[in-house]
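Heads up: the structure comes next, in structure tokens.
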Amino acid sequence: MLDPKLLRTEPEKIAAQLARRGFIFDLPRFQAMDAQRKQLQTETEQLQSERNNGSKRIGAAKAKGEDVTPILADMDRIKAQLADNEGKLAVLQGLLDDFLARLPNIPDASVPDGRDENDNVELRRWGTPRPSEGAKDHADLGEALGLMDFAAAAKLTGARFTVLRGGLARMHRALTQFMLDVHTREHGYEELYVPYMVNGASLYGTGQLPKFAEDLFNLVNPNPGLNFADVGLLLQAERHFGLDGSNTLKIKLNQEKDRYLIPTAEVPVTNLLRDEILAPENLPKKWVAHTPCFRSEAGSAGRDTRGMIRQHQFEKVELVQATLPEDSRRAHEELTGHAEKILQLLGLPYRVVVLCAGDLGAGSQKTYDLEVWLPSQNRYREISSCSNFGDFQARRMLARYRHPQTKKPELLHTLNGSGLAVGRTLVGIIENYQQADGSIAIPDALRAYLPGLEKIG
RNA sequence: GGAGAGGUGGCAGAGUGGUCUAUUGCGGCGGUCUUGAAAACCGCUGACGGGAAACCGUCCGGGGGUUCGAAUCCCUCCCUCUCCGCCA
């Protein structure tokens, strides 16, 4: 979420910055809603003040044994008007909150202009890409070895799932252990074990809700207790403003009841900070967690339908940091380096690109993608995405620290990055370490994790 | 899943319809004293929203209700703890 104060004081400037990412900020609508909100709020608070004073007068009069009926008549009028105002304000505030919750973050000044992934800027390369001539695809190699089985997974579940067997299943596990060890031992992260299901409030905090609900697997509660007050609010919203409040309502209900499978460990890990006020000496927080990730990925049908690149379920080792505002840019570079280190240790050629404004994720102010070389595709493919969210997530979560000088709570900055996506790392190893006979060599860094295994296949 | 007890500021913990404008303690900050520190004593110290400010409003797990007035009474949901059941 963006700072509402900034939206009021410099709306044109913010609209221009959001336009860089191709987002059209509906300035007239925002200003109309906010002006109406301000008027309603002022009136409502005035009435509340009158009611509070009236009640005190009644208390005082009764204590003295005086007649209170004239005051009570006055209170009837205030009460009726207050109820009307409060109802309208609640509806309008709900619509305004929803509007604000759907605004993306402002791109960092250092983010290049551009519309889509074609305008991303390559920053550096590491390693020597293996030529594509004669290189087989990871799915072909895995299936030929009998260790990667998409048909079996389709029988069990459906498309976009994988069964791994034997050496590949073992290497997949070894990769996870290896990554966790490097990040905890060399990079100073604390390892976490977290829930793989979260509630709507957590998904709101990191920004997946309300805008990206269709990408999530929602475990619908079998007994969704309908909140009739919220239903009434929806109907009022539609009547008063001629707008569709159904999404707002859905989120409100979901926050009460629903559970979702996590799309990334970012959600449970970052939300540890939700509603917390940290002591500055406990910063930065550096957490690493290995979790499965579940993505429904609606709208991506037709892309990477073959192989393990795009799955509904995959494993990831995720790095998360929370820092002081002034430290987040440096931490972003550092965190990206931690993810790069894994690729280097595994001997996988990669490049680093900075995403252009138009390709940036909604909550991110700056993102570096790490792309691993895949010889079968003769190109680099995303294997990690490292983002600095600034205070965008922190404002949604109320994740704060106490400022040493002012003693007031201030918003933290949050960052995260894959370190790395395990499935895609396995793909990278299969393709880059493939031998002429169809077997897969073992990267030196993994040998300690795969005792007794000389090669796969 | 069943029964019972609970949920109050950073933490602990009072408050059962009207100066609650939430007692008190711990912690934190400032001061006195001291060569310095500790102790002692004094003072300050919750969050959110609106406002240039004065100030106003909201918040006692969430939501709804009763009332002129709710931390307090009622309904409902969530969570925690204890015991029982079940289970890896």
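Note on naming: letters A, B, ... go to the chains in the order of the sequence lines (proteins, then strands), and numbering restarts at 1 for each one.
Residue A:Arg329 places its CZ atom among 12 or fewer non-hydrogen atoms of other residues, nucleotides or ligands, all under 6.0 Å distant. Heavy atoms from other residues, nucleotides or ligands lying under 6.0 Å from CZ of A:Arg173 number 12 at most.
As judged by a 4.0 angstrom heavy-atom cut-off over every strand, A:Pro4 is placed among residues making no nucleic acid contact.
Annotation: A:His413 is not in aromatic contact with A:Phe389 [ring centroid separation under 6.0 Å not met].
Applying side-chain contact (heavy atoms from CB on, under 4.5 Å) to A:Glu43 and the options A:Gln39, A:Gln46, A:Glu45, A:Gln41 leaves one that passes, A:Gln39.
Only the C1' atoms considered, B:rU45 is 15 Å distant from B:rU24, to the nearest whole Å. Atom P of B:rC79 sits at a distance of 23 Å from the matching atom of B:rG10, rounded to the whole Å. Nucleotides B:rG1 and B:rC86 are separated by 8 Å at their C1' atoms, to the nearest Å. On the C1' atoms, B:rC73 is 29 Å away from B:rC56, given to the nearest whole Å. Between B:rC55 and B:rU67, the distance separating the two P atoms is 35 Å to the nearest Å. Nucleotides B:rG7 and B:rC59 place their C1' atoms 15 Å apart, quoted to the nearest Å. A distance of about 15 Å separates the C1' atoms of B:rA22 and B:rG17, rounded to the whole Å. Across the P atoms, B:rC26 and B:rG13 are found 15 Å apart, a figure rounded to whole Å.
Distance A:Glu45 CD to B:rU58 P: 8 Å, rounded to the nearest Å. Whole-Å rounding puts the A:Lys79 NZ to B:rU66 C1' distance at 9 Å. Separating the CG atom of A:Leu89 from the P atom of B:rG50 is a distance of 12 Å, rounded to the nearest angstrom. Between the CZ atom of A:Arg51 and the P atom of B:rG69 there is a distance of 7 Å, given to the nearest Å. In this structure, CD of A:Gln46 is placed 16 Å from P of B:rC55, rounded to the nearest angstrom. Taking atom CZ of residue A:Arg400 and atom C1' of nucleotide B:rG9, one finds them 12 Å apart after rounding to whole Å. Residue A:Lys56 contributes atom NZ, which lies 9 Å from atom P of B:rC56 at whole-angstrom precision. As rounded to whole Å, 13 Å separates atom P of B:rG57 from atom CD of A:Glu86.
Across all strands shown, B:rA53 forms no Watson-Crick or G-U wobble pair with both key distances under 3.5 Å. Across the strands present, B:rA70 finds no partner; the criterion is a Watson-Crick or G-U wobble pair with both atom distances under 3.5 angstrom. Base pairing of B:rU32: its partner is B:rA40, meeting the Watson-Crick or G-U wobble criterion (both donor-acceptor distances under 3.5 Å). For B:rG46, the paired base is B:rC59 (Watson-Crick or G-U wobble, both distances below 3.5 Å). B:rA14 is unpaired under the criterion used here, namely a Watson-Crick or G-U wobble arrangement in which both key atom distances are under 3.5 Å. The partner of B:rA22 cannot be assigned: no Watson-Crick or G-U wobble pair with both contacts below 3.5 Å exists in any strand. Remark: B:rC79 base-pairs with B:rG6; criterion is Watson-Crick or G-U wobble with both hydrogen-bond distances under 3.5 Å.
With A:Phe217 as the aromatic partner, A:Arg295 does not meet the cation-pi criteria of under 6.0 angstrom to the ring centre and within 45 degrees of the ring axis.
When the nucleotides B:rC56, B:rU58, B:rG51 are ranked by their closest atom to the side chain of A:Gln48, B:rU58 comes out on top. Of the candidates B:rC68, B:rC56, B:rG50, the closest approach to any side-chain atom of A:Ser55 belongs to B:rC68. Side chain of A:Asn52, nearest nucleotide from B:rA47, B:rC79, B:rU58: B:rU58. Nearest nucleotide to the A:Lys408 side chain, out of B:rC68, B:rA47, B:rG51: B:rA47. For A:Ile58, counting side-chain heavy atoms from C-beta on, the closest listed nucleotide (B:rG57, B:rG18, B:rA47) is B:rG18.
Where A:Asn53 and A:Met75 meet RNA chain B, the nucleotide closest to each residue was compared, and A:Asn53 sits on the side nearer the 5' end.
For A:Gln41 and B:rG57, a side-chain-to-base donor-acceptor distance below 3.5 Å is absent, hydrogens and geometry of angles not being considered.
Taking only side-chain nitrogens and oxygens, A:Ser49 comes nearer than 4.0 Å to OP1 or OP2 of B:rG57. In this model, the phosphate group of B:rG50 is approached by a side-chain N or O of A:Arg8 to a distance below 4.0 Å at OP1 or OP2. OP1 or OP2 of B:rG50 lies within a sub-4.0 Å distance of a side-chain N or O belonging to A:Lys5.
Of the possible donor and acceptor atoms, none in the side chain of A:Arg165 sits under 3.5 Å from a partner among the backbone N and O of A:Asp149.
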Working note: A:Asn199 + A:Ser202, criterion side-chain hydrogen bond (donor to acceptor under 3.5 Å, both in side chains); need CA distance, chi angles, decisive distance, verdict. CA-CA 6 Å; A:Asn199 55 33; A:Ser202 291; 3.2 Å; yes
For side-chain hydrogen bond (donor to acceptor under 3.5 Å, both in side chains), just list the numbers for A:Tyr449 and A:Asp181, CA-CA rounded to whole Å, side-chain angles, deciding distance to a tenth of an Å, and then say yes or no. CA-CA 11 Å; A:Tyr449 293 86; A:Asp181 283 347; 2.7 Å; yes
